[in-house]
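Letters A, B, ... are given to chains in the order of the sequence lines, protein chains preceding strands, and every chain is numbered from 1.
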Amino acid sequence: MNIFNLLLHIIKVEIESLSMQSALPAGLALDNVAATPPREAGHGDIAINAAMVLAKQAKMPPRQIAEILTGHLESVSKLKDIIARLEIAGPGFINLFLKDTFWHAQLADILTRGTRYGDSTVGNDERVNVEFVSANPTGPLHVGHGRGAVFGDALVALLKKAGYAVSREYYINDAGGQVDALARSLYFRYREACGETPGAMPHGIYPGEYLLPPAAALRARDGDKWLALSEAEWLPALRVYAIEAMLDLIRADLARLGIGFDRFFSERSLHAAGSIEAALQRLNEAGVIYTGTLEPPKGMLPDDWEPRPQTLFRATAFGDDVDRPLKKSDGSWTYFASDIAYHFDKVNRGFTTLIDVWGADHGGYIKRVKAAIKALAGDRATLDVKICNMVRVLDGGVPVKMSKRSGDFVTLKDVVDAVGKDAVRFIMLTRRNDAMLDFDLSKVLEQSRENPVFYVQYAHARACSVARRLKLDYPAFGLATPDWSTAPLARLTHPAEIAIIRRLAQWPDIVEGAAKAHEPHRIAFFLYDLAGDFHAHWNSGNDEEALRFIVPTDRDLSFARLALVQGVATVIASGLEVMGVTPVEEMR
RNA sequence: GCGCCCGUAGCUCAGUCGGAUAGAGCACCAGAUUCCUAAUCUGGGGGUCGUGGGUUCAAAUCCCGCCGGGCGCACCA
């Protein structure tokens, strides 16, 4: 349960009731009324901005509205059990101070629900398609792909937790010239494998050594049978073979990160099924396809520019900057044409929210795809494109050299092998997706506060250690397998303890906010803050013995505090679950 | 030239649908360990939120101009 929405709902109802009683004007718009956690601890637990928002509409000073509202709220029976006191502050905020018993109830809820705490229904089972990675099947994934992979996967988990019906999808670009080049590259390696010396590598051949194993496997399977054939004869078959081999490679790279997909969608299948013609036919009927000649971009004339009539989509009618070509000069479809069909297919499969996760170099492509969706689907579906910015790989602050000949980038596999799945996943979410990310291989292994992976894991491990210690050193307490429903939570009275529960109780709101904004990085920052609260409280037991979790002379107090610690572990685990990171119970 | 993203403490970055005295880590300074993991914690200094306007009761947040950085710009994917 999201406590902020709960209170907000109650208060909105009461405002409406005041309107009915004519204590406030009728017909007030409450859309901007909000219940938020105040930054300042002295401002209570929940701040309501209603008085300021309504002042203008009601033609009354905010203070006066606040007076009316607080006077009324104090008499509402539903709130009497929850609110210790309320005050009017600043320009007209109503600050609510909640009773300890309310927070105890929140903790009890956490313990009952376990890592399912924070699950929400705001998504309302809306069907969402998240397409991510979608790297060309021409080689292994690099670190940049890894960021998109982790981002997409965590976003899916987040959306599911918030109650959306989500599907993970990978679009395979298996139809263009790049996969022909891949097939030629494989053939080159195949000739080598057959004992030929093909000589210097021609231009347009992928130089990576990752094609050696598939070439050898091809030779082992088929012998020399392809050598005597012409390119037209071997290319289609070897293309299929090479794409499958590369997809195996990619799937293996993703599996190392614990990432799988509900569907791999082939671009070639769109061509084969006539989906492109169908989608463009529809655009044609809508009158947004025409033949015309584009102006060259001002300020940067391409060398080989020549004015040429093309088949164009009138993207400018839907917010794009220029109209976009659908056919290449050789008559085949452009990538954009098949992408139109692909997104139309997603809409036709019933998805109402489409999310595409792309690299930073594709930012210029967003408007045209949005334009196409608008033209084909109107308001039936919306597209949100999440751009994942570049990743710089460092080691001890020094940029890692781009790897030898195998490609231009550090491979994802190398990085996962070096620091582990959990560290990669966590670090990838410690920046907003649209900000550049420095990934320092040595820092993510460091055991210090500087390293958020460690800091959060350590908090979880510490929480687990309290349970261990109680079990081992205080068997008389009988808390080896506690029944949380009997925990005497009323014994949690210290402000620092309540403060931690307050943080834990933000978790459902964090989930909903992050899910709506499509921003999984918020989870990482929340967990870091929570870990900080917990470490601080843990340490205060050093200065003040009475604050330690385990009180040898007081079994019930120890039980209550164990419950608090368990709540911390639970929420951390719940957050890590969304991030796809395994919580550790010990770090020795 | 045009489009998109970014500009917050010395450095790296958070900042919720616009909300109260703009936060955290690092670095710097001063402290805490007979004690559940000091792998941690406490306190301190440090800001024209790039800049100039505008909207608003209220702007780091929304709108416009400018400056600085990144990405992209027909027939690649």
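Between A:R462 and B:rA38, a side-chain N or O to OP1/OP2 separation shorter than 4.0 Å is present. In terms of phosphate contacts, A:R548 brings no side-chain nitrogen or oxygen within less than 4.0 Å of OP1 or OP2 of B:rC36. Phosphate proximity of B:rC76 to A:K328: present, with a side-chain N or O under 4.0 Å from OP1 or OP2. Between A:W538 and the phosphate of B:rA38, there is a side-chain N or O to OP1/OP2 separation shorter than 4.0 Å.
Within the 4.5 Å cutoff, no side-chain heavy atoms of A:L6 are placed close to those of A:L8.
Applying the Watson-Crick and G-U wobble criteria (two distances, each under 3.5 Å), B:rC17 pairs with nothing in any strand. With a cut-off of 3.5 Å on both Watson-Crick or G-U wobble distances, the partner of B:rC62 is given as B:rG54. For B:rC26, the paired nucleotide is B:rG10, the pair qualifying as Watson-Crick or G-U wobble because both relevant distances are below 3.5 Å. Remark: B:rA39 base-pairs with no nucleotide; criterion is Watson-Crick or G-U wobble with both hydrogen-bond distances under 3.5 Å.
For A:T334, counting side-chain heavy atoms from C-beta on, the closest listed nucleotide (B:rC75, B:rG1, B:rA20) is B:rC75. Distance from the side chain of A:K56 is smallest for B:rU56 among the nucleotides B:rU40, B:rA20, B:rU56. Residue A:K367 has its side chain nearest to B:rC4 when only B:rC26, B:rC4, B:rU40 are considered. Nearest to the side chain of A:R449, among B:rG25, B:rG19, B:rA74, sits B:rG25. For A:P297, the listed nucleotide lying nearest its side chain is B:rG1; candidates were B:rG1, B:rA39, B:rC4. Side-chain proximity of A:Q310 to the nucleotides B:rC71, B:rC75, B:rA39 is greatest for B:rC75.
The aromatic ring of A:H43 sits over the base of B:rA20, with ring centres less than 5.5 Å apart and planes tilted by under 30°.
Taking 3.5 Å as the limit, the base of B:rC5 and the side chain of A:N389 contain no donor-acceptor pair of atoms between them. Put simply, the side chain of A:N95 and the base of B:rA20 share a donor and an acceptor less than 3.5 Å apart.
Remark: aromatic rings of A:Y455 and A:H535 are close, center separation under 6.0 Å. Taking the centre of each ring, A:F265 and A:Y170 stay at or above the 6.0 Å mark.
Counting only N and O atoms by type, the side chains of A:D440 and A:S442 include a donor and acceptor under 3.5 Å apart. For the 3.5 Å distance criterion, the side chains of A:N2 and A:D509 qualify, holding a donor opposite an acceptor.
Straight-line distance from the OH atom of A:Y458 to the P atom of B:rC36: 11 Å, rounded to whole Å.
Across A:W333, A:Y171, A:F336, a single residue satisfies ring-ring contact (aromatic ring centres under 6.0 Å, His included) together with A:Y342, and that is A:Y171.
Heavy-atom nearest nucleotides on RNA chain B were determined for A:G177 and for A:P307, and the one closer to the 5' end corresponds to A:P307. Of the residues near RNA chain B, A:V53 and A:Y528, the one whose nearest nucleotide (by heavy atom distance) lies more toward the 5' end is A:V53.
Taking atom C1' in both B:rG18 and B:rC63, the straight-line distance is 13 Å, to the nearest Å.
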Is there any protein nitrogen or oxygen under 3.5 Å from a nitrogen or oxygen in nucleotides 10-18 of chain B, and what are the pairs?
residue: B:rU12; atom: O2'; partner: A:R431; partner atom: NH2; Å: 2.6
residue: B:rC13; atom: O5'; partner: A:R431; partner atom: NE; Å: 3.2
residue: B:rA14; atom: OP1; partner: A:R432; partner atom: N; Å: 3.0
residue: B:rG15; atom: OP1; partner: A:H521; partner atom: NE2; Å: 3.1

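For A:R561 and A:F549, the positive end is not near the middle of the six-membered ring at less than 6.0 Å and at most 45° from its axis.
At the heavy-atom level, A:E267 lies under 4.0 Å from the strands shown only through sugar-phosphate atoms.
Note: A:W538 and A:F534 have perpendicular aromatic rings, judged against thresholds of 30 and 60 degrees for the angle between ring planes.
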